[in-house]
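Written out below as C-alpha cells is the structure these notes cover.
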Number of protein chains: 2
Amino acid sequence: MTNDRLARQIAFVVEIDKLKAVLRQNVLTDRSRRENSAEHSWHIALMAVVLAEHAEPGIDVLRVLKMLLIHDVVEIDAGDTFIYDTAAAADQEAREHAAAERLYGLLPPDVAAQLRPLWEEFEAGASADARFARALDRLAPVLLNYHTEGMMWRANDISGAQVLARNRVIERGSPALWRYIEPLIHDAIAKGWLKP
Amino acid sequence: MTNDRLARQIAFVVEIDKLKAVLRQNVLTDRSRRENSAEHSWHIALMAVVLAEHAEPGIDVLRVLKMLLIHDVVEIDAGDTFIYDTAAAADQEAREHAAAERLYGLLPPDVAAQLRPLWEEFEAGASADARFARALDRLAPVLLNYHTEGMMWRANDISGAQVLARNRVIERGSPALWRYIEPLIHDAIAKGWLKP
C-alpha cells in the first residue's frame, strides 16, 4: 500500500521534470537563451520568500510557495501561453484543464486534492495568497525584460500600454511592488524598449 | 527607507537569475541537455511538498522549502561541485563562504539574517528539516540518472559502491525514501549503468 502510494508520488516527480523543457517568452538576464518554466517557478518562489513583507498582511507564505511551485505544471501538456497573445488565450483554459486531469491524476488522490485546488485558486486570483503569487508571476518577466533592454518586448513588438495594462494586476497583490515597477515600465518606454 | 530596502531585495532577485546558468552533472530525463541549479532547486522544492509525509514527523515544510530554494544560490560564484569529485570538494567550503558573503550581502541585513542561517543549517544537516532537505537534494539526481539509463554516471565512470555510499544520507532524512531508492541503485548496477 505504502509502496504503491510512494510509487505514484515518484511517478509524478519524474513526470514534472518535463517542465524544464517548456520555454517562455523571455530571456535570462545574460541574454544567452530563453527561460524555461521550471527555473521561472524557482525564481518567483524565492521572490515570495524575499518579498513577502510587501504582500497584504496575513498571507500564508507556505500556501503561496506551494502555488508558485505548481502554477505552471499544466504547461507540460498545454504549453506556455504568452500573456500578450490573445489568440492563444482563447482555448488556454480547456488545454490546461485537460493537462491538470492527466498530471494531477498521477498522484495519490488525497495529494492531488491538496494541490489541484491551490492551482485553481492561483488561476482565479481570488485570495490574498493567490493575488500575491500572481503579482510575482507578472513581476518576474517585467524585471527580466527591463534588465535585457526589453529584448523580448522588442522581438514581439510590445507596447508600453500593453505592459501597463497586463501588469497592473501586480497592484492587487502588492501595491508596494507596483509602485516600484510602474516607473521602470515608464523608463522602458522612454528608452525605446517598449513602443510608446 | 522602504524604497532602499525594496531596491536591495530586487537587486538580490535580479542577481540570483544567474543560478539558471550554473550547470550540474546530470541531464534532464529527455536527455536533451544538462540540468541547471535553478530548475533543480524548483524540482526538489516541489518534491518536498509531494513527499513531506515520508520525512520525520514534525518537520516544518515552510522551513524545508526555504532551505531548498536557497541551498544552491552560492553556486552563482562558487560553481556546482560534483559530489563524486573529491578534489573539488577540498576548497568548496571556502569558495561557498565567500559567495555567501557577497550574495546575502546584497539583501537588507535582517532578510540575510533570516536566510543565511537556513543555508548553513542545510549544509550542516543537523536538524530534521535539513536532513529531509538533503535527502531530496540527493534523491533527485539518482532519479534523473536512473531514468536516463545512468547517462552521467556512465560518462563519469561512477561505481555502484560510490552511489550507495554517497546517497546513504537519504536514509537519515527519510528511511522510506531510502527503502525505495536503494533497490533502484542495485537495479542500475545489474543493468550495467553503474560499475559493479
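The sequence lines fix the lettering, A, B, ..., with proteins before strands; numbering per chain opens at 1. Since this is a predicted model, take the numbers as computed values, not measurements. Side chains included, hydrogens not; waters and symmetry mates left out as well; all remaining heavy atoms used.
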Completion exercise
CG of B/Asp17 to NE2 of A/His147, rounded to nearest 0.5 Å, is 9.5 Å
Practice task
Please test A/Val49 against B/Ile70 for side chain to side chain contact (heavy atoms under 4.5 Å, CB included), starting from the C-alpha separation and ending with a verdict.
Solution key: CA-CA 10 Å; A/Val49 173; B/Ile70 59 154; 5.9 Å; no
Practice task
Examine A/Val27 and A/Leu139 and state if one hydrophobic cluster contains both, with Ile, Leu, Val, Met, Phe, Trp and Tyr joined whenever side-chain heavy atoms are less than 4.5 Å apart.
Solution key: no
Practice task
Please indicate whether B/Glu93 has more than 12 foreign heavy atoms, meaning atoms of other residues, nucleotides or ligands, lying under 6.0 Å from its CD.
Solution key: no
Practice task
Count the heavy-atom pairs under 4.5 Å between each of A/Met47, A/His40, A/Arg179 and chain B, then report the option with the highest count.
Solution key: A/Met47
Handout entry: Flag if over 12 foreign heavy atoms under 6.0 Å of CD, A/Glu120
Key = yes
Practice task
Side-chain contact test, heavy atoms from C-beta onward, threshold under 4.5 Å: evaluate it for A/Leu144 versus B/Val14 and give yes or no.
Solution key: no
Problem - Same apolar cluster: A/Tyr146 and A/Met152, side chain cutoff 4.5 Å - result: no
Handout entry: Check: A/Gln9/B/His54 side-chain N/O donor and acceptor closer than 3.5 Å
Key = yes
Handout entry: Same apolar cluster (I L V M F W Y, side chains within < 4.5 Å links), A/Ile181/A/Val169
Key = no
Problem - B/Ile83 with B/Ile189, same ILVMFWY side-chain cluster at under 4.5 Å - result: yes
Exercise for the section: Could you grab the distance from atom CG of B/Leu6 to atom OG of A/Ser174, nearest 0.5 Å is fine? Expected result: 8.0 Å
Handout entry: Gap separating the NZ atom of B/Lys66 from the CG atom of A/Leu62, nearest 0.5 angstrom
Key = 9.5 Å
Problem - Donor + acceptor pair across side chains of B/His43, A/Lys20 (<3.5 Å) - result: yes
Handout entry: Best-contacting candidate, A/Leu28, A/Leu51, A/Ile10, against chain B by heavy atom pairs under 4.5 angstrom
Key = A/Ile10
Fill in the blank from the handout: CG of A/Leu46 to CH2 of B/Trp42, rounded to nearest 0.5 Å, is 16.0 Å
Exercise for the section: Kindly compute the distance separating CD (B/Glu15) from OG1 (A/Thr29), expressed to the nearest 0.5 Å. Expected result: 8.0 Å
Exercise for the section: Let me know if B/Leu68 has heavy atoms under 4.5 Å from chain A in its side chain, its backbone, both or neither. Expected result: neither
Fill in the blank from the handout: The interface call for B/Phe12 against chain A, heavy-atom contacts under 4.5 Å, is side chain
Handout entry: Close side-chain approach of A/Val61 and B/Leu65, heavy atoms under 4.5 Å
Key = no
Handout entry: A/Tyr84 reachable from A/Met151 in the ILVMFWY side-chain graph, under 4.5 Å edges
Key = no
